[in-house]
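Here's the structure, in structure tokens; my notes come after.
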Amino acid sequence: MAETGPFLHARWLGTPVKRREDPKLLTGSATFIDDITLPGMLHLSFVRSPYAHAVIRGIDVAPALALPGVVAAVTGEEAADFAPAFPPNPGYRQPPRYLLAREKVRKVGEAVAAVLAEDRYRAADAVEAVTVDYDPLPAVADPEAALKPDAPQLWDDFPGNAIVLEAPHGGGDVDAAFAAADVVVRQRMTCARLAPSAIETRGVVAAYEPWSRQLTVHATTQAPHRMRGLLAELTGLPEGNIRVIAPEMGGGFGAKGNVYHEEALACFLAMRLGRPVKWIESRSEAFTGTNHGRGQVAYIELAARRDGTLLGLKLDIIADLGHTCDLSTAGLHGNTVRLVTNCYAVPAARVMLTEALTNKTPTAAYRGAGRPEAVYFMERAMDLLAAELGMDPITLRRKNFIPPEAFPYRTITGLTYDSGNYAGALDAVLDQADYEGMVRERDAARAAGRLVGIGLSCYVESCGPAAANRGGGAAAWEYGAVRVNRTGAVELLTGISAHGQGHETTLSQLAAEVLGVDPETVTLHERDTAVVSQGVGTFGSRSMIMGGSALYVALRAIEAKMRRIAAAVTETPAEDLVFGDGRIFPDGAPERGVPFAQVAARAYANPPAGEEPGLEAQHFYASQGMTFPFGAYLVMAEVDRETGAVTLLRFEGVDDCGPVINPLIVAGQVHGGIAQGLGQALFEEVVYDEGGQLLSGTFMDYAMPRAEHFPTLRIGHTVTPSPITPLGLKGVGEAGTIGSVPAIVSAVMDALSPFGIRHLDPPLTPLKLWQAMNEGVRG
Amino acid sequence: MVPAEFGYVAPRTITEALALLERYGDSARLLAGGHSLIPLMKLRLAMPSMLIDLGEITELRGIRDDSGTLVIGATTTHATVAANELVRARYPVLAEAAGQIGDVQVRNRGTIGGSLAHADPAADLPAVMLALDAQLNICSPAGARLVAARSFFEGMFTTQLAATEMLTEIRLPPLPARTGTAYQKAANLASGYAIVGVAVVVTLDSDGAVAAARIGVTGAGAQPVRATTAEAALAGRVPGEANLSMAASAAGHDIEDPLDDMHASADYRRHLVAVHTRRALERAIAAAG
């Protein structure tokens, strides 16, 4: 039973049902991409550039073809004859995305040739045997350096390496706001590049049947229907001839929402050779081949009155694109631009976005996708402003919160926030943490000579599609369908695509609630375009608000029809019937009811007059706008004065994602998000040298968070339903990642306050903190 | 991340293994736990044509007492070493260090001899071997020889081992009464290897002065070293605030040419050696009682 909110009297909504998915995953019986083997299957492998920037003078594949078991090899120029480049993102001018590099390479790891062999070992030998003659060119890795006049140029059509120089976003009289301000704070901030690092790398198995022209693609994708559409566009096959299946996946985090070169090329090669083609990404390849996340430099300025009232904001963002951009790149920068005002009423803002081409892997969606950057910039700036004003950071935030009665609230950057109670979440976390006690604990530790600090962040997440974002309208809908069979079994079909989210569990709870059946009688179909006719996919915290809402509407249609049939059978007015325990019965008189299965059977055989046979409903759910979950996180951290090492002592969080369907799954989402936020705050950074060589290309050099780094995560909830989704749901997938980074950084900065250190950007490694403390001492 | 083609043999005895090593020479590599070698092979940074797997040789495994000297077979796993009662009782510093290597899976496969022979400059155990004054038994078809740990390591990934030789045993001499030990480590956040690891063995005399101190340092430079200036600074003195600080600082300066990379600058490494020497000394002295 739900504790709070609209699910107060619910049987299944709000219940911590254990994940149905887990037994097969935990026992190793689930099928992942590398478990798929087809007869006659060839293994694909790629020859990749060791240079960040070079002219390809020539490629000799003959030595590879001479090896036993090697079946074919193809260069970029050869591939261009049968495999076109990806189409650009709609409404977006971008450099071409060839399936294999042509003429030049522009990043380390860019594929220049592909080989196919009878097994993976021979394919790897063949890669070694290919010789490529490169003429190295000067490269540029730093996004700000890339925009300088003398920087090496990546693409002839993009002079200055700037892909788009955005018009300013925002509104209000910014110049007047800054002129009138008592206080202005400015800070340069960075969000380092991150490697999404799902536990399972990417992969594809493509098979083509030439006589029926059927292409079947198993791929690690978060959006099978999007992949199907793009493959149809690329191959010219009718979309109905392409079937995309996403097997079980070991995480995606947004990085598997893209359609990648290797996946498309595998399809073309399967079509040309008439044999199935498999490619499994190695971890080394993943570090350069899978999109990176984050990668932004920002110059932020806040203008305020002496009493703390915010008057204006200026933000200049330089986004580090990499050598081209992928499907999600455009949208994610829009997220940063629009979300930066966070939970505050900012009367005037001017946000500039410059996207810089660099000789590196493209940056694209990674859990949060532009939102963590926005909230990090704003929350750190609020701390700096509080320090400048000599005001408590909590007081400053309270003063500037958008008040609960102001919703729906149109922000100066063009978003419409659906609902919120930011002070409510802040109060809840202060109460939960015993904030006064926490402060006493910190002060006592300080008095004992320890470096202990407290950090707070208040965050807003944005979920689902933003039609205003470039390309975002394409995701402003989702598909759901419900079938009730003659036996009374319920089948759900959804266009969202789980890769760890537990859709099977949550959506069966939803069906069980509406239809009054046991969740065990509900079967979910997803991740297969031949079974589910349409869909968008799972990303941007959209699964429940989009896929869940689509199914909810379809379930209500089924419920209505069954109610009519049951009314005829029981001779009771339809509106007096209730669904529960596998029966449909007059409220208060279960003995006069009929079994759910009997009503289902009746829908097929001998339906009441006026009813069509069958029990199926589908719904294309149209988004009514983005939802805006929110919360407040409080962290206590200690820095080792001698080594610079950070220990998190406490982590207290309150999230508000609207009503919660399954508390266990929501907790898992929040914990996972915080884990990735902790990685971003303290450890993770993709490091290139100035010439674009990757220095962090293995897990020996790229640091991931581990269990030992976590204190107990104490997470509470407030519940503020969204007025624009049918169940009031808001989404939760990225909350933890967004809220945790500024809270952790802020706690460390507070710990370092005795050194007069104002601001450091993540990752806050021991080396960085030690150096800062020593500079502080010297200064 | 797919290795090149290689052959594989699994001898049953040390004699057989040595004969195979002589036969295949430089093109062969000995396989112990494989936690360094296999990743190198998967990256094709190592491409041996023959792997000689030592896993079937029972005489290479196990821990036994030999008249007060503790003898550890080269293919004894880190997990076994860390859990062994004799090791924990007599050489707690070794159990402590072995228990911090990698993760559970690595400790269940990785071996003490494999780690020492691989001579990764950031490995934990070399520091401990120096501090314990270990003797390493090395066999070849020509016979056996004992080498002090101190002369075994010659540089990054290089040791005294010749192509036809293998490390078979680690021999630890007994420690005197009133001896305390400790291992302190600044772990690389990514790999878990030591950015700096300091192993300390301190013996106190009846007056509470330091009778002997041995300080082994790993991770800081191209090869593990003894911090001899620091050791000398302690000898004969009753440990106190001043001489512990002096010894710690001396240990930092005992690193002649600290490594410098994106994880730790040379300055920071030198500083960490001092910090962890100090912390290890405090713990070891407390343990010596």
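Just so it is clear: chains get the letters A, B, ... in the order the sequence lines come, proteins before strands, and each one is counted from 1.
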Pair His263(B)-Leu767(A), side-chain contact (heavy atoms from CB on, under 4.5 Å): steps then yes or no: CA-CA 7 Å; His263(B) 301 292; Leu767(A) 173 63; over 6 Å; no
side-chain contact (heavy atoms from CB on, under 4.5 Å) evaluation trace for Lys42(B) with Ser282(A): CA-CA 10 Å; Lys42(B) 288 170 77 173; Ser282(A) 72; over 6 Å; no
Worked check of side-chain contact (heavy atoms from CB on, under 4.5 Å) between Met1(B) and Thr201(A): CA-CA 13 Å; Met1(B) 297 188 90; Thr201(A) 55; over 6 Å; no
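Contacts of Asp640(A) with chain B are made by side-chain atoms alone, with heavy-atom separations under 4.5 Å and no backbone atom involved. Residue Phe699(A) touches chain B through its backbone alone, counting heavy-atom pairs closer than 4.5 Å. Contact of Arg706(A) with chain B is made through the side chain alone, with heavy-atom distances under 4.5 Å. Interface remark: Pro766(A) contributes backbone and side-chain atoms alike to the contact with chain B (heavy atom separation under 4.5 Å). In this structure, chain B has heavy atoms under 4.5 Å from both the backbone and the side chain of Ser696(A). At a 4.5 Å heavy-atom cutoff, Glu684(A) makes no contact with chain B through either its backbone or its side chain. Neither the backbone nor the side chain of Ala186(B) comes within contact range of chain A; no heavy atom of the residue lies under 4.5 Å from a heavy atom of that chain. Of the atoms belonging to Ile195(B), not a single heavy atom falls under 4.5 Å from chain A.
With values rounded to the nearest 0.5 angstrom, Leu682(A) atom CG is found 8.5 Å from Leu189(B) atom CG. Note: Trp770(A) CH2 to Ser265(B) OG = 5.5 Å, rounded to the nearest 0.5 Å. Note that the CD atom of Gln771(A) and the CG atom of Asp267(B) stand 8.0 Å from one another [nearest 0.5 Å]. Taking CG of Asp261(B) as the reference point, atom CG of Leu695(A) lies at 10.0 Å (rounded to 0.5 Å).
Heavy-atom contacts from other residues, nucleotides or ligands closer than 6.0 Å to CG of Leu45(B) number more than 12. Within 6.0 Å of CZ on Arg283(A) lie more than 12 heavy atoms contributed by other residues, nucleotides or ligands. The environment of CD in Glu690(A) is sparse: at most 12 heavy-atom neighbours from other residues, nucleotides or ligands sit within 6.0 Å. The local environment of CZ in Phe32(A) is crowded, with over 12 non-hydrogen atoms from other residues, nucleotides or ligands closer than 6.0 Å. When the shell of 6.0 Å around CG of Asp26(B) is examined, it contains 12 or fewer heavy atoms from other residues, nucleotides or ligands.
Ionic pairing of Glu642(A) and Arg278(B) is not present here: no N-O contact between side-chain nitrogen and carboxylate oxygen is shorter than 4.0 angstrom.
Without hydrogens or angle criteria, Tyr268(B) side chain to Lys768(A) main chain gives no donor-acceptor distance under 3.5 Å.
The candidate with the highest count of non-hydrogen atom pairs below 4.5 Å against chain A, out of Ser191(B), Pro39(B), Ala4(B), is Ser191(B). Ranking Arg279(B), Arg44(B), Glu5(B) against chain A, the residue ahead of the rest is Arg44(B), based on heavy-atom pairs under 4.5 Å.
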